[in-house]
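This report refers to the structure that appears directly beneath it.
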Amino acid sequence: MKFIITIFQDEDGMFIAECPSIPGCVSQGITETEAQENIQEAIRECLEVRLEKGIPLTVITREVEVYI
């Protein structure tokens, strides 16, 4: 499965990675690469838990356009 992730650096310099299509699926790392590797493992673990509990694996994500 392929997922979109986001990575940003927090105020302490850590890189935070999130998977928007899986609520609560967040990880971190000292580098972007480490954060990406960690979120991949977090995604696997989140999917396993959601499957065991009978929760839908992902939520609907959409792209919307906002005019400023």
Side-chain angles (χ1 to χ4, degrees):
M1 296 177 79
K2 292 185 180 184
F3 293 93
I4 299 293
I5 63 168
T6 61
I7 299 177
F8 63 93
Q9 195 169 21
D10 71 7
E11 62 276 354
D12 297 323
M14 291 294 291
F15 288 90
I16 308 302
E18 300 178 323
C19 182
S21 60
I22 305 173
C25 190
V26 179
S27 194
Q28 64 183 12
I30 296 172
T31 65
E32 285 184 56
T33 301
E34 183 178 47
Q36 181 174 327
E37 291 169 357
N38 290 343
I39 195 66
Q40 287 174 290
E41 180 61 28
I43 289 169
R44 279 190 286 276
E45 292 175 8
C46 286
L47 291 175
E48 286 176 8
V49 168
R50 293 176 78 84
L51 187 62
E52 287 172 6
K53 293 186 175 200
I55 301 169
L57 296 182
T58 61
V59 296
I60 297 169
T61 57
R62 294 193 175 125
E63 183 176 308
V64 298
E65 189 170 356
V66 177
Y67 298 98
I68 300 176

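Residues: numbered from 1 along the sequence shown. Excluded from the calculations below are hydrogen atoms, water molecules and symmetry mates; all remaining heavy atoms, backbone and side chain alike, are included.
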Partners of Val49 by side-chain contact (heavy atoms from CB on, under 4.5 Å), sequence neighbours excluded? Lys53
Across all chains, not counting sequence neighbours, the side-chain contact (heavy atoms from CB on, under 4.5 Å) partners of Asp10 are Asp12, Met14, Ile16
Salt bridge (Lys or Arg N to Asp or Glu O under 4.0 Å) partners of Glu41, counting only residues at least two apart: Arg44
Side-chain polar contacts of residues 25-37 - donor-acceptor pairs under 3.5 angstrom, sequence neighbours left out - could you list them?
from: Thr31; atom 1: OG1; to: Glu34; atom 2: N; distance (Å): 3.0
from: Glu34; atom 1: OE1; to: Ile30; atom 2: N; distance (Å): 2.5

For residues 60-68, please give each side-chain donor-acceptor pair under 3.5 Å, one per line with the distance, not counting sequence neighbours.
from: Glu65; atom 1: OE2; to: Tyr67; atom 2: OH; distance (Å): 3.3

Excluding sequence neighbours, so at least two apart, what forms side-chain contact (heavy atoms from CB on, under 4.5 Å) with Pro20? Thr6
Excluding Ile4, membership of its hydrophobic cluster (Ile, Leu, Val, Met, Phe, Trp, Tyr; side-chain heavy atoms within less than 4.5 Å) reads none
Remaining members of Ile39's ILVMFWY cluster at a side-chain heavy-atom cut-off under 4.5 Å? Met1, Phe3, Ile5, Ile7, Phe15, Ile22, Ile43, Leu47, Leu51, Leu57
